[in-house]
Protein chains: 2
Amino acid sequence: MVTVMSASKSEVAYQLVSERINTGAYSPGYRLVLGTIAEELGCSVVPVREAIRRLEAEGLVHFTRNVGATVAQVDSTLYLHTMQTLMIIEPAATALAAHAMDAAWLSKARALNEKMRQCLEDFDPVAFTRMNTEFHQLLYGQCPNPHILDLVQRGWRRLAAMRASSFTHIPYRARESVKEHDGLLDLIESHATPAQIEAACREHRAHTLNSYLKAAGMEPSVI
Amino acid sequence: MVTVMSASKSEVAYQLVSERINTGAYSPGYRLVLGTIAEELGCSVVPVREAIRRLEAEGLVHFTRNVGATVAQVDSTLYLHTMQTLMIIEPAATALAAHAMDAAWLSKARALNEKMRQCLEDFDPVAFTRMNTEFHQLLYGQCPNPHILDLVQRGWRRLAAMRASSFTHIPYRARESVKEHDGLLDLIESHATPAQIEAACREHRAHTLNSYLKAAGMEPSVI
DNA sequence: CGCACACTGATCGTATACGATTTGATGTAC
DNA sequence: GTACATCAAATCGTATACGATCAGTGTGCG
């Protein structure tokens with residue numbers, strides 16, 4: 001055979017559906033029909049099934065036996081639960097990644113945060129959220145524990161899929177957020193202990209979460 | 001139809017393989033052949049495939065395209081990574097579950113820990129590990145955030161699948177562990193804040209992890 | 001007019017079948 | 001004796017086919 005066969009069909013199906021959910025082409029509640037997707041991909045339903053089940057395991061789609069799959073609903077509770085989970089795991093990942101934060105890394109992070117600061121004028125929530133995601137990825141990206149890294153990435157991915165950035169709901173957080181990022185980088189530059197980094201990072205996340213909770217008229221998170 | 005059809009075949013397959021891994025009937029490295037399992041279950045390979053992929057998503061089996069699935073290897077790094085992940089998430093789950101810890105709950109937890117204390121004489125690592133799992137389940141079980149709860153349960157499940165309890169490797173930790181459990185319950189009884197509970201619980205987990213690391217001649221965890 | 005029930009179309013769950021890929025073994029040349 | 005090419009068996013990946021199940025609709029009865 002000449003064909004390269006780089007990825008299996010179920011992998012292709014997974015990528016396709018996954019991307020469409022992320023870009024919002026499939027919005028929450030959208031009915032994912034195996035046969036339709038299979039036809040579109042030019043393959044049978046079997047690989048599509050597998051892809052859908054994988055997405056289910058990741059929490060991006062909801063599946064009911066003998067009924068079918070739909071893109072997971074973004075109920076406000078789900079958003080909060082995901083935020084809360086990230087508030088616990090991401091700071092830990094960042095602290096564990098501290099060893100990799102050298103001078104080069106630091107200047108890159110500073111530059112990115114500076115770009116975010118510039119973005120504050122004529123505020124564009126989407127662009128800002130994208131850069132915010134990138135900034136945090138820079139923070140936790142070098143975490144040496146693959147489980148934890150995976151969990152953090154899934155969390156962010158879920159939030160992205162919800163297309164409900166905090167900054168859309170509570171725009172004033174953007175300015176505070178940039179300031180807190182700087183504080184975090186200062187802390188890292190001064191060779192703070194991992195525990196200190198974790199605490200500061202968690203505080204940053206907690207501020208965002210609690211601002212959202214307050215805006216929604218709810219109690220702040222207990223931790 | 002008279003049949004109840006309580007679970008789909010892929011669900012049955014999932015349960016079967018999952019249990020066999022947990023009980024150790026399928027030990028790490030064991031080759032999971034779709035056809036063989038299907039034959040044993042009296043069904044075709046398709047549902048088995050789905051079950052295997054689910055187990056892969058949970059990290060219990062390793063899957064290679066066109067080659068097949070094997071029960072995940074328990075390399076010591078994996079064990080440590082799982083322990084470290086749990087060290088971060090479980091205390092948070094416990095703190096979030098604090099609201100549900102009333103007098104009745106407390107007496108149940110005390111009773112269980114007392115049983116563990118009795119088990120210290122003629123020490124049986126397996127029985128002790130089982131009770132320890134139960135005790136911790138009691139701690140985090142009422143966590144209201146389903147994501148976090150799920151992550152904690154997966155972590156414990158993974159550790160169980162590894163059949164490599166800390167108490168097998170470092171038996172002297174058992175005695176300290178029971179004492180720390182009591183301390184934790186005292187703290188809860190005195191209506192400590194969730195943050196305090198989290199800190200104490202994490203310290204407990206950190207002690208276990210670092211004892212293991214020390215026994216293996218490795219550096220203690222940075223957080 | 002409203003409710004219960006049977007029917008229908010859509011969709012899922014699984015079996016079977018076959019092509020594709022890998023792996024390990026066998027044989028041959030050097 | 002070793003290295004490499006070739007081959008066969010085992011196993012996976014996917015297509016197709018058909019039975020099972022569910023949601024919605026229409027009809028009949030109270």
Side-chain angles (χ1 to χ4, degrees), chain A residues 1-21 25-73, chain B residues 1-21 25-73:
Chain A
M1 256 292 218
V2 189
T3 54
V4 191
M5 198 47 134
S6 55
S8 71
K9 305 214 174 178
S10 81
E11 182 64 26
V12 173
Y14 174 81
Q15 298 286 351
L16 180 88
V17 178
S18 174
E19 189 180 316
R20 292 207 176 160
I21 292 177
Y26 292 158
S27 46
Y30 184 92
R31 183 83 189 278
L32 299 166
V33 179
L34 299 185
T36 311
I37 299 172
E39 198 176 346
E40 195 176 347
L41 268 152
C43 73
S44 83
V45 297
V46 183
V48 179
R49 261 187 81 80
E50 211 173 279
I52 298 285
R53 297 308 279 255
R54 271 178 70 188
L55 289 164
E56 188 201 6
E58 289 180 32
L60 268 75
V61 313
H62 178 74
F63 196 92
T64 315
R65 184 171 147 78
N66 286 319
V67 174
T70 55
V71 177
Q73 288 288 351
Chain B
M1 254 299 211
V2 190
T3 52
V4 190
M5 198 47 132
S6 54
S8 71
K9 305 215 173 174
S10 80
E11 182 65 28
V12 173
Y14 174 82
Q15 298 286 350
L16 179 88
V17 178
S18 174
E19 190 181 315
R20 292 209 177 157
I21 292 176
Y26 292 158
S27 47
Y30 183 91
R31 182 85 189 278
L32 298 166
V33 179
L34 299 186
T36 311
I37 298 171
E39 197 176 347
E40 194 175 350
L41 268 152
C43 71
S44 83
V45 296
V46 181
V48 179
R49 262 186 81 80
E50 211 174 277
I52 298 285
R53 297 308 278 256
R54 272 178 69 189
L55 289 164
E56 188 202 6
E58 290 180 33
L60 268 77
V61 314
H62 178 74
F63 196 92
T64 314
R65 182 171 147 79
N66 285 319
V67 175
T70 55
V71 177
Q73 290 288 351

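The analysis underlying the following values was restricted to heavy atoms, covering all of them including side chains, and did not include hydrogens, waters or symmetry mates. Here is how names work: the chains are called A, B, and so on, in the same order as the sequence lines, proteins then strands, and each is numbered from 1.
- The interatomic distance linking A:N66 (CG) with C:dG13 (P) rounds to 5 Å, in whole Å.
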Only pairs under 3.5 Å count here: list side-chain donor-acceptor contacts from residues 30-38 of chain B, not counting sequence neighbours, and write none if there are none.
residue : atom : partner : partner atom : Å
B:R31   : NH2  : B:V67   : O            : 2.8

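- As a whole-Å value, the separation of A:E11 CD from D:dC12 C1' is 16 Å.
- Considering OH of B:Y14 and CD1 of B:I52, their distance stands at 11.0 Å, rounded to 0.5 Å.
- Taken to the nearest 0.5 Å, the OG atom of A:S10 stands 13.5 Å off from the CZ atom of A:R53.
- In this structure, the CG atom of B:L34 is 13 Å from the C1' atom of D:dT14, given to the nearest Å.
- If you take CZ of A:R53 and C1' of C:dC12, they are 10 Å apart, rounded to a whole angstrom.
- Atom OH of B:Y14 and atom P of C:dG13 are 17 Å apart (whole Å).
- One interatomic measurement links the two molecules: CG of A:L41 to P of D:dA15, which rounds to 10 Å at whole-angstrom precision.
- Atom C1' of nucleotide D:dT11 and atom CD1 of B:I37 are separated by 13 Å, given to the nearest angstrom.
- When the nearest nucleotides of DNA chain D are assigned to B:V46 and B:R31 by heavy-atom distance, the more 5′-ward of the two goes with B:R31.
- The residue A:L32 sits close only to the backbone: its heavy atoms come under 4.0 Å of sugar-phosphate atoms, none of a base.
- Between the CZ atom of A:R49 and the P atom of D:dT14 there is a distance of 14 Å, rounded to whole Å.
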Let's go through B:R54 and B:E11 carefully: what are the C-alpha distance in whole Å and the side-chain angles of both, what is the deciding distance for salt bridge (Lys or Arg N to Asp or Glu O under 4.0 Å) to 0.1 Å, and is it a yes or a no? CA-CA 10 Å; B:R54 272 178 69 189; B:E11 182 65 28; 3.0 Å; yes
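- When heavy atoms are screened at a 4.0 angstrom cut-off, A:V67 is found touching the sugar-phosphate backbone but no base atom.
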